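Values reported hereafter were calculated over all heavy atoms of this structure, with side chains retained and with hydrogens, waters and symmetry mates removed. Since this is a predicted model, take the numbers as computed values, not measurements.
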Amino acid sequence: MTEVTRGLGQFVSRLRFEEIPALALEAANIGMLDCIGTMLAGAGEPAPKLVAATVAAATGNNFATEAVTGGRLSAADAALVNGTAAHVLDYDDVALSGHPSAALTPAILAVGQTEGASGREALAAYAAGYEVWAQLQALETGQLHDRGFHPTAVMGTIAAAAAASRLYRLDAEQTTHALALAASLASGLVSNFGSMTKSLHVGRAAQSGIMSARLARDGFTASPDTIEHRSGFLKAHSPSGAPLLHQPLDAGRPWRLERNGVNIKRYPTCYATHRSIDAMLGLVEDRALTPDQVALIQVRTGSTQHGMLRNARPRTGLEAKFSMEFAMASALVARMVGLDQLTDAFVQRADVQSQFEKVSITTTDERMAGDETFAPFDQVAVTTVTGDTVSSPPVSHARGSWQRPLSDAELMEKFTACVTLALGADAAPRLWAQLRDLTTLASLRDLDLSTAPALKRDTA
């Protein structure tokens, strides 16, 4: 049996910045930049406000900043609040069947601020966490979603522990204990998708990762075979029932961060809808379709994807994020699926609600090679009231994916919109300049995320 827990502890503790390929560093940089934007945009939402109200201000000299009020908290508590804010809009990036940046970035920001870590150290911590998550995923042939587990909550907890261990400069033995401890704190259920709790999953993952690393630094111990033990993490969470416990570890050989990268979201909805949204928007634009012309919208998607989309008749913005019916309706009615559409008022509009019954969904159990969460492609066909049917081309990769990346101008457009929502128009260019090349940032303490109107508003 492979010593997974110890092996990953050694990988994280021995990782050097100079070993990380340039493209992997670019993926980490884009992921952190985009996540900070979505975190700031989400800070005004009810869920992170409620979470922020439960934690006490830090009294020591070392502190981290949370994005709801700009208050100073312990690193673990700041990560809890900021992780919830980063994921609450469901606008954060996707990879590894989950949301790596939303779990990693708040943990890295919090520990990095308390420790005075540089941008280079932050990127190395991100790479360490991502590779640990990717390695664990490679040891399981099934999909956590199919078992009812939220991968970001489960894998993200251990990944955040790896990132925090790297920033705390833990040795191999301490890091092993941190990862083992985090494995016992990892949980989160798909049944809570479409509610505030989904975003709390991510905040708790970041918080638990930091707590695990801090405890390990101070001498707290856990079983050094926790991940691979016959009653351990991989076996307990295994959808297949047969994790690959004898497969050698190959974290960083090659770098999965370089190969898989991050998929930046263009729409603030579950990523399971994005390929279909691209397809539907293409049809709407090419054919100048209007709601009164459309009789039927047929969507072909994957069974695991569809399993995440639990709300066929959403009534709130949160519910609509997990609805293929809403995604198609918004694309048809508004010709876009953006933050302005993910509101209770828009979702409840009669012209939106009336489109849901037009949507018919068929699924396939076929899996995309290299990303088994998804079918090989999504496709949308629209039948008009006159009986004509037009079909989109098959869409294998959404716009913004690692395979179809956004330009720097498009990345900046999204980032600017998110930051402006939270900090005002003047803050976006300053933060973009600091974050676009993190290798030049001397200290994460130099980031100013707490000076604008939205962070000073009433958090009751």
A.B. asks: Looking at Glu410, I want to see if its CD is surrounded by more than 12 non-hydrogen atoms of other residues, nucleotides or ligands under 6.0 Å.
C.D. replies: yes
A.B. asks: Quiz question: by atom type and distance under 3.5 Å, do the side chains of Glu228 and Thr5 form a donor-acceptor pair?
C.D. replies: yes
A.B. asks: Do Asp92 and Thr38 have side-chain N/O donor and acceptor atoms under 3.5 Å apart?
C.D. replies: no
A.B. asks: Give a yes or no on whether a salt bridge exists between Arg256 and Asp250, defined as a side-chain N under 4.0 angstrom from a carboxylate O.
C.D. replies: yes
A.B. asks: Check the surroundings of atom CD in Glu3: do more than 12 heavy atoms from other residues, nucleotides or ligands lie under 6.0 Å from it?
C.D. replies: no
A.B. asks: Is it the case that the side chain of Asn311 and the backbone of Lys321 share a donor-acceptor pair, with hydrogens and angles ignored and the cut-off at 3.5 Å?
C.D. replies: no
A.B. asks: If you count every heavy atom of other residues, nucleotides or ligands that lies below 6.0 Å from Asp171 atom CG, does the total exceed 12?
C.D. replies: yes
A.B. asks: Charged N to carboxylate O below 4.0 Å: is that the case for Arg72 and Glu66?
C.D. replies: no
A.B. asks: Taking atom CZ of Arg404 as the centre, report whether more than 12 heavy atoms of other residues, nucleotides or ligands fall under 6.0 Å from it.
C.D. replies: yes
A.B. asks: Please indicate whether Arg204 has more than 12 foreign heavy atoms, meaning atoms of other residues, nucleotides or ligands, lying under 6.0 Å from its CZ.
C.D. replies: no
A.B. asks: Under 3.5 Å, is there a donor-acceptor pair linking the side chains of Ser240 and Glu140?
C.D. replies: yes
A.B. asks: Do the side-chain N and O atoms of Asp437 and Thr439 include a donor-acceptor pair separated by under 3.5 angstrom?
C.D. replies: yes
A.B. asks: Decide whether a cation-pi geometry holds between Lys198 and Phe193; the criteria are a distance under 6.0 Å from NZ or CZ to the six-membered ring centre and an angle within 45° of the ring axis.
C.D. replies: yes
A.B. asks: Does the side chain of Leu339 come within less than 4.5 Å of Tyr91's, by heavy atoms?
C.D. replies: yes
A.B. asks: According to ring pair (Phe, Tyr, Trp, His ring centres under 6.0 Å), does anything in residues 217-248 pair up with another residue at least two apart or in another chain? List the pairs.
C.D. replies: Phe149-His237, Phe233-His237
A.B. asks: Backbone N or O of Val202 within a donor-acceptor pair of the Thr152 side chain at under 3.5 Å?
C.D. replies: no
A.B. asks: Under 3.5 Å, is there a donor-acceptor pair linking the side chains of Tyr267 and Asp278?
C.D. replies: yes
A.B. asks: Is the backbone N or O of Ala251 less than 3.5 Å from a side-chain atom of Gln135, with the two atoms forming a donor-acceptor pair by type?
C.D. replies: yes
A.B. asks: Less than 4.0 angstrom from a charged side-chain N to a carboxylate O is my criterion; do Asp90 and Lys265 meet it?
C.D. replies: yes
A.B. asks: Would you call Asp146 and Arg367 a salt bridge, using N to O less than 4.0 angstrom?
C.D. replies: yes
